[in-house]
Number of protein chains: 2
Amino acid sequence: MSGDNSHSPPGTATPDTVSRILRTALDLFSSQGFDAVSMNAVAAAAGVSKANIFHHFRSKHELYIQALREACRESREELEALNMEDGPIGEQLADFAVKHLTSMLDNARDTRLILREVLENAPGRAEELARDVFRDGFERLVETVRLGQRLGELDPDLPPGFIAVMMLAANVFFAQSREVLRHLPGVDFADDPKRYSRMYMQVLLRGAGPAAT
Amino acid sequence: MSGDNSHSPPGTATPDTVSRILRTALDLFSSQGFDAVSMNAVAAAAGVSKANIFHHFRSKHELYIQALREACRESREELEALNMEDGPIGEQLADFAVKHLTSMLDNARDTRLILREVLENAPGRAEELARDVFRDGFERLVETVRLGQRLGELDPDLPPGFIAVMMLAANVFFAQSREVLRHLPGVDFADDPKRYSRMYMQVLLRGAGPAAT
DNA sequence: TGACTGACTGACCGGACGGTCAGTATTCTG
DNA sequence: CAGAATACTGACCGTCCGGTCAGTCAGTCA
């Protein structure tokens with residue numbers, strides 16, 4: 001009933017209509033949200049008839065899901081391409097932090113769509129997002145932290161995922177609140193993500209360093 | 001043309017219909033978003049006729065704006081009620097952190113509505129949100145940090161707003177990503193906000209302490 | 001050639017939407 | 001008491017929505 005995911009079957013031409021529809025939908029959904037985007041709008045923007053979209057996608061919801069998956073795939077690939085530099089754990093983490101933040105800001109469209117999904121957090125969606133989008137990258141990050149703990153560069157008493165979460169929190173918050181931050185007093189780094197990530201990594205690494213006192 | 005904000009004018013009874021509509025709208029908008037909530041739904045849930053809502057509010061958009069303002073007002077009051085305990089700056093900040101996080105989680109409805117607004121980030125809205133909702137509380141927080149810097153408890157080389165932003169980032173990220181975090185490996189604190197805030201404040205204060213080395 | 005398939009379209013459908021309006025009930029004002 | 005004002009309602013309007021459908025067209029295969 002629901003088997004094949006493969007479009008563009010053997011026979012006919014099918015230039016790239018499906019992927020054009022998908023990209024258009026991704027653009028519109030990410031900038032306006034599900035409800036605010038009509039199938040007519042997608043059709044017009046993609047240069048196809050509305051009926052044609054329904055020929056390729058069973059419903060608006062399925063189109064949205066496919067667009068979301070596409071965004072997740074791109075985001076995941078972006079994450080996987082971030083191989084950390086060699087060197088001390090601290091530098092590896094700092095390297096990841098700045099690259100991850102840059103990647104989020106560069107791919108604002110995908111980021112926005114995914115963040116909205118996290119925020120709306122439909123019943124069972126959270127686990128799916130965790131598994132399909134975040135888990136792998138997060139696990140790599142956590143492994144690096146664990147290594148740092150084993151090597152004595154980081155406090156072994158902190159939960160392994162904790163530092164990872166702090167880094168993500170700093171990045172996600174920056175990406176989504178930038179415009180607001182810019183108008184708050186005492187904030188002079190809203191336009192300088194690299195400086196921001198350098199600062200918080202410095203604080204984080206010093207704060208989570210091996211117990212000293 | 002747009003002057004009066006005051007409902008419940010001199011003349012008639014007006015028990016509390018307006019505020020009941022407003023509360024209902026706030027509930028629905030925060031849990032489903034603007035587009036997904038119909039005026040019929042608000043009317044039914046509030047136990048009034050749809051036409052009556054349009055008698056009190058000029059349009060759906062104005063109803064949403066008023067509900068948003070209400071959420072902002074509640075959120076701001078909640079923030080203002082958080083007077084930090086006396087004691088060392090570090091303890092004051094830690095006290096604020098845990099209270100702020102608790103407040104966000106307790107008032108999940110208001111939080112959600114406001115966060116969505118931040119994420120969608122309509123053209124000129126960011127500045128308005130910064131000014132009307134966040135500025136005062138943020139400024140108090142920044143002042144406390146500045147005091148800590150002057151007293152030598154915090155590194156004076158960090159931008160004053162930076163530590164405040166880190167605290168907010170940690171709290172906001174936790175509040176909005178909790179469900180996802182719960183399903184990530186190495187995260188065992190998703191159900192324990194107090195422990196979480198204690199941990200990050202420990203790391204933050206140590207990491208942003210006066211330059212030592 | 002002719003049967004068949006899948007991409008694609010314009011016209012259309014029922015329904016829900018935001019919003020309006022004429023009219024009624026109630027209550028304050030003179 | 002008349003009358004002005006406001007709270008409130010049911011019925012209604014035009015529009016747009018997601019989705020359907022009959023049908024056209026181009027290419028494949030026997």
Side-chain angles (χ1 to χ4, degrees), chain A residues 1-68 120 122, chain B residues 1-68 120 122:
Chain A
M1 290 302 168
S2 63
D4 77 331
N5 291 327
S6 70
H7 296 279
S8 64
T12 62
T14 319
D16 53 349
T17 316
V18 172
S19 69
R20 199 172 67 250
I21 293 173
L22 212 46
R23 265 205 317 278
T24 307
L26 176 48
D27 275 3
L28 294 179
F29 282 140
S30 72
S31 64
Q32 306 175 233
F34 182 83
D35 291 298
V37 173
S38 73
M39 294 302 265
N40 281 306
V42 178
V48 298
S49 68
K50 184 172 64 165
N52 192 16
I53 301 183
F54 281 99
H55 174 70
H56 293 291
F57 303 89
R58 222 169 308 177
S59 64
K60 183 186 181 183
H61 184 252
E62 189 194 300
L63 176 61
Y64 175 78
I65 294 293
Q66 300 271 16
L68 179 61
E120 299 309 336
Chain B
M1 291 301 169
S2 63
D4 77 332
N5 292 326
S6 69
H7 295 281
S8 62
T12 63
T14 319
D16 53 351
T17 314
V18 172
S19 69
R20 198 171 69 251
I21 293 173
L22 212 45
R23 265 204 316 277
T24 306
L26 176 49
D27 276 3
L28 294 179
F29 282 139
S30 72
S31 63
Q32 305 174 235
F34 181 83
D35 292 298
V37 173
S38 73
M39 294 302 266
N40 280 305
V42 178
V48 299
S49 69
K50 184 173 64 164
N52 192 17
I53 301 183
F54 280 99
H55 174 68
H56 292 291
F57 302 89
R58 224 167 306 176
S59 65
K60 183 185 182 185
H61 183 253
E62 189 194 299
L63 175 61
Y64 175 78
I65 293 294
Q66 299 272 15
L68 179 61
E120 299 310 335

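Residue numbers start from 1 in every chain, and the chains themselves are labelled A, B, ... in the order their sequence lines are given, proteins ahead of strands.
Here B:Asn52 reaches the OP1 or OP2 of D:dT9: one of its side-chain N or O atoms lies under 4.0 Å away. Proximity of A:Ser38 to the phosphate of D:dC16: no side-chain N or O atom is located under 4.0 Å from OP1 or OP2.
Distance from the side chain of B:Ala51 is smallest for D:dG10 among the nucleotides D:dG19, D:dC8, D:dG10. Comparing atom distances between the A:Ser49 side chain and each of C:dT9, C:dG18, D:dG19 picks out C:dT9 as nearest. Of the candidate nucleotides C:dC8, C:dC17, C:dG19, C:dC17 has the atom lying nearest to any side-chain atom of B:Asn40. Side-chain proximity of B:Thr17 to D:dG10, D:dG18, D:dC8: nearest is D:dC8. Comparing D:dC21, D:dT9, D:dG18 by their closest approach to the side chain of B:Val48 singles out D:dT9.
Going from atom CG of A:Asn40 over to atom CD1 of A:Ile53 covers 8.5 Å, rounded to the nearest 0.5 Å. The CZ atom of A:Phe57 sits 11.0 Å away from atom NE2 of A:His55, with the distance rounded to the nearest 0.5 Å.
Between the CG atom of B:Leu63 and the C1' atom of C:dG19 there is a distance of 13 Å, rounded to whole Å. In this entry the distance linking CE of B:Met39 with P of C:dA16 reads 18 Å, nearest Å. Separating the CD1 atom of B:Ile53 from the C1' atom of C:dC17 is a distance of 14 Å, rounded to the nearest angstrom. Here C:dC8 presents its C1' atom at 10 Å from CD1 of A:Ile21, a figure rounded to the nearest Å. The nearest whole Å value for the distance from the NZ atom in A:Lys60 to the P atom in D:dT20 is 15 Å. As rounded to whole Å, 10 Å separates atom P of C:dG19 from atom NE2 of B:His61. The distance between atom NE2 of A:His55 and atom C1' of C:dA11, rounded to the nearest whole Å, is 18 Å. Rounded to an integer number of Å, the gap from CZ of B:Phe54 to C1' of C:dT20 is 9 Å.
Screening A:His61, A:His56, A:Glu62 for a side-chain contact (heavy atoms from CB on, under 4.5 Å) with A:Arg58, the sole residue that qualifies is A:Glu62.
Relative ring orientation between B:Tyr64 and B:Phe29 is described as perpendicular, the plane-to-plane angle rising above 60° on a 0-90° scale split at 30° and 60°.
If you check every strand for non-hydrogen atoms under 4.0 Å, A:Val37 touches sugar and phosphate atoms only.
Side chain A:Lys50 to base D:dG18: a donor-acceptor pair is found below 3.5 Å.
Between B:Ala46 and B:Thr24, the shortest heavy-atom distance links the atoms CB-OG1, 3.5 Å.
Across the strands present, D:dT28 finds its partner in C:dA3; the criterion is a Watson-Crick or G-U wobble pair with both atom distances under 3.5 angstrom.
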